[in-house]
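In what follows, a single structure is set out as C-alpha cells and then discussed.
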Protein chains: 2
Amino acid sequence: MFAKDHDCSDELREVKLKSTPARLIALQHFEKLSKPTDSKDILKFLNSKLNIDRVTVFRILNSFVEKGLVRKIDFGEGKARYELNVADHHHLICQSCGSIEDISDCNIDALEREIKQNKHFLVNSHSLEFFGICPDCQPRLNRGQKKKN
Amino acid sequence: MFAKDHDCSDELREVKLKSTPARLIALQHFEKLSKPTDSKDILKFLNSKLNIDRVTVFRILNSFVEKGLVRKIDFGEGKARYELNVADHHHLICQSCGSIEDISDCNIDALEREIKQNKHFLVNSHSLEFFGICPDCQPRLNRGQKKKN
DNA sequence: GTGTATGCAAACCGTTTGCATAAGG
DNA sequence: CCTTATGCAAACGGTTTGCATACAC
C-alpha cells in the first residue's frame with residue numbers, strides 16, 4: 001500500500017520515463033484507482049489539476065502500457081480501459097449499472113499449463129471477463145427498472 | 001446463384017429476419033468459417049458475390065448478433081470480430097502470425113457457479129482468450145524472424 | 001544542449017445514424 | 001401493401017500522426 005500522495009517519480013525513473021507533471025499525476029491516479037478506467041476519465045482527472053490535451057493522455061497511457069506499469073483491457077465497449085498492472089485478476093462487469101468488481105486469481109494457471117502441454121501454444125497472457133448482473137441490480141431488474149450507467 | 005451448399009433461409013426465418021441475398025450469403029459464409037472474422041472480411045466476401053455497402057454489413061452483423069445467430073468477440077484490436085454462435089469455446093491467438101485456434105470448453109462453469117455463490121453476481125456470459133505464440137511461430141521467433149500477419 | 005514530451009490540427013478507422021429508395025412477405 | 005433492408009452521405013467516438021514548441025535531464 002502506498003501513502004496518500006505517493007511520489008511516483010521512482011517508478012517512472014525505473015522504467016526510463018521522464019517525470020513530467022502529467023505522468024506523475026496520472027500514475028498517482030492509477031495507484032488510487034481500484035477499477036479499470038478509460039482515457040476520458042484520466043483526461044478529466046488530469047484536467048482538474050493541470051491543462052492537458054487528450055492526445056497527450058493517449059501517449060502517456062501507451063507509454064505506461066509499453067513499460068508495463070499499466071495494463072490495457074478491453075470489455076468490448078469500443079474503447080480501451082486501463083488499470084495498474086498488478087497481480088493477475090479478472091472482472092465482473094454488470095451489464096445493468098456498469099459496475100466493475102475484481103475477482104482474484106482463478107485457476108487459469110492449470111489451464112495454461114494444459115494448453116502448453118496439449119497444444120504446444122506458449123501463453124503470454126489471457127483475458128477473462130464475466131458479464132452479467134451485479135447483486136445490487138438484480139432486485140432492480142426484477143422490478144423492471146434499469147439504472148443508467 | 002446463391003445457396004450452393006446450404007440454404008440458410010430457414011435459420012433466418014426462425015429468427016424472423018427477411019431472407020435477403022446478402023444475409024443468406026453472409027450466414028453461409030459464417031457456417032463455413034472456422035475462425036472469428038471481422039466486418040472487413042465479411043464485406044470483402046460479400047462484395048465478391050454482389051454489390052454491398054459496408055454500412056449494410058454492419059447492420060447485418062448487428063442483426064445476427066441480436067438474434068443470437070452470431071457472437072461478437074473482442075480481441076482488443078480496436079475492432080470487433082464475429083463467429084457463428086455455437087458451443088462455448090475460447091481462442092488461442094498467436095501474437096506473431098495472428099493465427100487463431102479454438103479451444104473447447106474449459107471448466108469455466110465451475111468458476112461461474114462459484115462466482116454466483118460467493119459474489120451473488122449473475123453471470124450472463126464471459127470472454128476468455130489466450131494470447132501467446134503458436135507452435136509454428138516458436139522456432140521462427142527463436143531464429144529472430146517474424147511472419148507478417 | 002539534446003532528446004523527449006506536449007499541444008494543436010488533422011487524419012484515421014471502425015462503427016452508427018438519417019433519410020430516401022428498393023425489395024421481401 | 002406495409003414493413004423492413006439497403007445505399008449513400010455524413011457524423012461519431014476513440015485513437016494516432018505530423019509538426020512545431022516546451023521542457024526534463
Side-chain angles (χ1 to χ4, degrees), chain A residues 7-27 36-47 49-67 69-82 98 149, chain B residues 1-3 7-27 36-47 49-67 69-83 98 149:
Chain A
D7 182 1
C8 301
S9 46
D10 291 348
E11 281 92 326
L12 288 175
R13 199 172 313 113
E14 252 172 58
V15 299
K16 298 189 178 61
L17 285 179
K18 292 185 178 173
S19 289
T20 69
R23 282 180 179 164
L24 286 169
I25 296 173
L27 195 46
T37 190
D38 56 24
S39 66
K40 241 180 177 163
D41 171 78
I42 303 289
L43 174 63
K44 205 171 103 194
F45 183 79
L46 285 176
N47 262 338
K49 311 244 165 182
L50 47 73
N51 274 5
I52 192 90
D53 192 89
R54 71 201 158 117
V55 171
T56 305
V57 171
F58 280 108
R59 286 197 266 231
I60 288 176
L61 289 172
N62 287 341
S63 68
F64 284 5
V65 170
E66 195 180 336
K67 298 299 187 176
L69 297 175
V70 156
R71 184 186 300 158
K72 191 174 181 177
I73 326 170
D74 203 313
F75 290 169
E77 306 165 295
K79 69 177 180 191
R81 286 182 176 266
Y82 303 84
N149 181 12
Chain B
M1 227 185 208
F2 329 110
D7 184 0
C8 300
S9 46
D10 292 348
E11 281 91 324
L12 289 176
R13 199 173 311 115
E14 254 172 56
V15 298
K16 298 188 179 60
L17 285 178
K18 291 185 178 175
S19 288
T20 69
R23 283 180 178 163
L24 288 169
I25 295 173
L27 195 46
T37 189
D38 57 23
S39 65
K40 241 179 179 165
D41 171 77
I42 304 289
L43 174 63
K44 205 171 103 195
F45 183 78
L46 285 176
N47 261 337
K49 310 244 166 182
L50 46 73
N51 274 6
I52 193 89
D53 192 89
R54 70 203 160 117
V55 171
T56 304
V57 171
F58 280 109
R59 287 199 265 234
I60 288 176
L61 290 172
N62 287 341
S63 68
F64 283 5
V65 170
E66 195 180 335
K67 298 299 188 177
L69 297 175
V70 156
R71 183 188 299 158
K72 191 175 180 175
I73 327 171
D74 203 314
F75 289 169
E77 305 166 294
K79 70 178 178 191
R81 285 182 176 265
Y82 304 84
E83 69 177 355
N149 181 11

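FYI, side chains are in, hydrogens and waters are out, and symmetry mates aren't considered; it's all heavy atoms of this structure.
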Kindly point out which of D:dA9, D:dT15, C:dT6 is positioned nearest to the side chain of A:R59? C:dT6

Side chains of A:L12 and A:L69, heavy atoms from C-beta outward: is any pair under 4.5 Å? yes

Nearest-Å distance, CZ (A:F58) to P (C:dA11)? 18 Å

A:D41 CG to D:dG14 C1': how many Å, rounded? 15 Å

Below 4.0 angstrom from OP1 or OP2 of C:dT15, is there any side-chain N or O of B:K79? no

To the nearest angstrom, the CD1-C1' distance between A:I60 and D:dT16 comes to 15 Å

Ignoring backbone atoms, establish whether A:T20 has a side-chain N or O less than 4.0 Å from OP1 or OP2 of D:dC23. no

Classify A:S63 by what it touches in the nucleic acid, base, sugar-phosphate, or nothing, heavy-atom distance under 4.0 Å. nothing

Indicate yes or no: does A:D41 engage A:K44 in a salt bridge with an N to O separation below 4.0 Å. no

Output the rounded distance in Å from CG (B:L24) to P (D:dA5). 13 Å

When the nearest nucleotide of DNA chain C is assigned to B:G78 and to B:K18 on a heavy-atom basis, which residue is associated with the more 5' position? B:G78

Taking the minimum atom-to-atom distance to the side chain of B:V55, which one of C:dA5, D:dC8, D:dT16 wins? D:dC8

Report yes if a side-chain nitrogen or oxygen of B:N62 is closer than 4.0 Å to either non-bridging phosphate oxygen (OP1 or OP2) of C:dT16; otherwise report no. yes

What's the closest nucleotide to the side chain of B:K40 if the choices are C:dG14, C:dG24, D:dT15? C:dG14

Does D:dA5 have its OP1 or OP2 closer than 4.0 Å to a side-chain nitrogen or oxygen of B:T56? no

Remember a base hit wins even if backbone is also touched, and classify A:D38 as base, sugar-phosphate or nothing at under 4.0 Å, heavy atoms. nothing

Non-hydrogen atoms of A:L17 and A:S63 that approach each other most closely: CD1-OG, 3.9 Å

Taking for each residue the nucleotide of DNA chain C with the nearest heavy atom, is it B:Y82 or A:D53 whose nucleotide lies nearer the 5' end? A:D53

Other residues, nucleotides, ligands: >12 heavy atoms within 6.0 Å of A:K40 NZ: no

Least distance between heavy atoms, B:S39 atom then B:V57 atom: O-CG1, 3.8 Å

Distance check needed: D:dC8 P versus B:L43 CG, whole Å only. 12 Å

Length of the line joining A:F75:CZ and D:dG14:C1', which is rounded to integer Å: 17 Å

Rounded to whole angstrom units, what separation is found between the CG atom of B:L17 and the C1' atom of D:dT3? 13 Å

Side-chain N or O of A:R54 versus OP1/OP2 of D:dT15: is the shortest distance under 4.0 Å? no

Check the distance between D:dC25's C1' and A:L12's CG and give it to me in whole angstrom. 14 Å

